[in-house]
Every structure is written in C-alpha cells, then in structure tokens.
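Only one structure is covered here, and it is reproduced in the block below.
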Amino acid sequence: MNAPAYRINGTPAARDAFYALACDPSRSIAVEACAGAGKTWMLVSRILRALLDGCAPQDILAITFTKKAAGEMRDRLNTELRRWAGLTDEALAGELRARGLDAADAIRRAPDARSLHVRLMAQGRVVQVRTFH
C-alpha cells in the first residue's frame with residue numbers, strides 16, 4: 001500500500017492544498033521529502049511568493065547544505081523571474097495557481113509577477129542563497 005504523497009500536519013492532503021500552504025510565505029513550514037521530490041521547486045516558489053508579496057530581496061535568506069544546491073536554487077530563481085517576464089497573463093496566472101494562489105488572485109497579480117524581475121534588478125539587491133559551510 002502506498003502512503004499519501006502529501007500530508008499537512010500528518011493528515012493526507014491534495015497536492016493543491018499542500019502547495020497552497022507550503023508556498024505561502026506568511027506560514028512557517030517544515031518539509032520532509034526524498035531526493036527529487038520537488039523541495040527546490042517549493043523553496044524557490046516560496047521565495048517568488050515572498051517577493052511578489054513585497055518582501056525585499058535582501059530580507060530573504062535561503063540556507064542549504066552544498067554550494068551546488070545553493071547555485072541550483074539561485075539559478076532556478078533567476079530563470080523563473082526571467083521566464084515570468086515573458087509569459088501571457090493566462091500562462092502566468094497558471095504559474096501562480098501552481099504556487100498556491102486562487103484563480104482570481106492569480107489573474108489579478110499576474111502583471112505584478114511579470115514585472116517582478118525588472119523591479120528586482122532596478123533595486124540592485126539579490127536574494128541571499130548560502131550554505132552552512
């Protein structure tokens with residue numbers, strides 16, 4: 001028998017419900033998952049949501065165990081920001097829904113998400129992704 005893939009406080013949950021909570025930067029979370037389960041995607045998504053909610057990039061610190069993992073997280077964050085800048089409203093709303101926003105909020109916030117990369121570059125400050133070492 002397979003265990004449920006997603007749990008919230010030990011209770012089986014749907015993927016959408018899990019990511020709505022896990023990607024919400026106003027919540028504190030702990031995620032346990034094996035390699036390749038999507039932890040980096042979820043962490044980058046939390047950072048994107050925090051930036052979209054107005055958090056200054058220099059106020060975000062992500063800490064990981066290896067330089068390779070830190071570089072991967074940095075690359076994914078920058079890739080997503082650049083990719084979002086070129087998406088249609090519909091496609092961008094889909095990306096925001098995958099990161100826990102409801103449909104109406106995703107559509108309303110798509111223009112802000114699209115301009116996020118340009119705004120961050122103009123500030124000249126970056127999200128800090130570091131290692132323990």
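These numbers were taken from a predicted model, which means no experiment stands behind them.
Contact of the Arg97 side chain with the Asp16 side chain is not registered, since no non-hydrogen atoms from C-beta on lie closer than 4.5 Å. Contact annotation: the side chain of Leu48 approaches that of Leu77 to within less than 4.5 Å [non-hydrogen atoms, C-beta and beyond]. Side-chain atoms of Val127 and Leu51, non-hydrogen and from C-beta on, do get closer than 4.5 Å to each other. Put simply, the side chain of Tyr6 does not reach to within 4.5 Å of the side chain of Leu21, judged on heavy atoms. Using a 4.5 Å heavy-atom cutoff, the side chains of Arg74 and Val126 are not in contact. No side-chain heavy atom of Leu52 sits under 4.5 Å from any side-chain heavy atom of Arg99.
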- Does the side chain to side chain contact (heavy atoms under 4.5 Å, CB included) test come out yes or no for Arg109 and Leu92, once each step is laid out? CA-CA 9 Å; Arg109 299 187 72 187; Leu92 192 46; over 6 Å; no

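If you chain together hydrophobic residues whose side chains sit under 4.5 Å apart, Leu116 and Val118 never meet in one group. By the rule that hydrophobic residues join a cluster once side-chain heavy atoms approach within less than 4.5 Å of another member, Leu96 and Ile107 end up as members of separate clusters.
One distance of note links CD of Glu80 with CG of Leu87; it measures 8.0 Å at 0.5 Å rounding. The CE atom of Met73 lies 10.0 Å from the NZ atom of Lys39; values are rounded to the nearest 0.5 Å. Expressed to the nearest 0.5 Å, how far CG of Leu101 lies from CZ of Arg108 amounts to 8.5 Å. Interatomic distance, CG of Asp24 versus OG of Ser45, reported as 12.5 Å (0.5 Å rounding). Separation of atoms OH (Tyr19) and CZ (Arg49) is listed at 13.5 Å; rounding is to 0.5 Å. Atom-to-atom distance recorded for Glu95:CD and Arg83:CZ is 4.0 Å, nearest 0.5 angstrom.
The two residues Ala62 and Ile47 have their closest heavy-atom pair at CB-CD1, 4.2 Å. When all heavy atoms are compared, the tightest approach of Gln123 to Pro57 is OE1-CD, 3.2 Å. Summarising the geometry of Arg130 relative to Leu61, their closest heavy-atom pair is CG-CD1, 3.9 Å, with the distance given to 0.1 Å. Considering every non-hydrogen atom in both Asp112 and Arg119, the closest pair reads O-NH1, 3.1 Å. Arg76 approaches Trp41 most closely through the heavy-atom pair NH1-N, 3.6 Å. Nearest heavy atoms, Glu72 versus Thr40: CG-CG2, 4.4 Å.
Not one N or O on the side chain of Arg82 forms a donor-acceptor pair closer than 3.5 Å with the backbone of His117.
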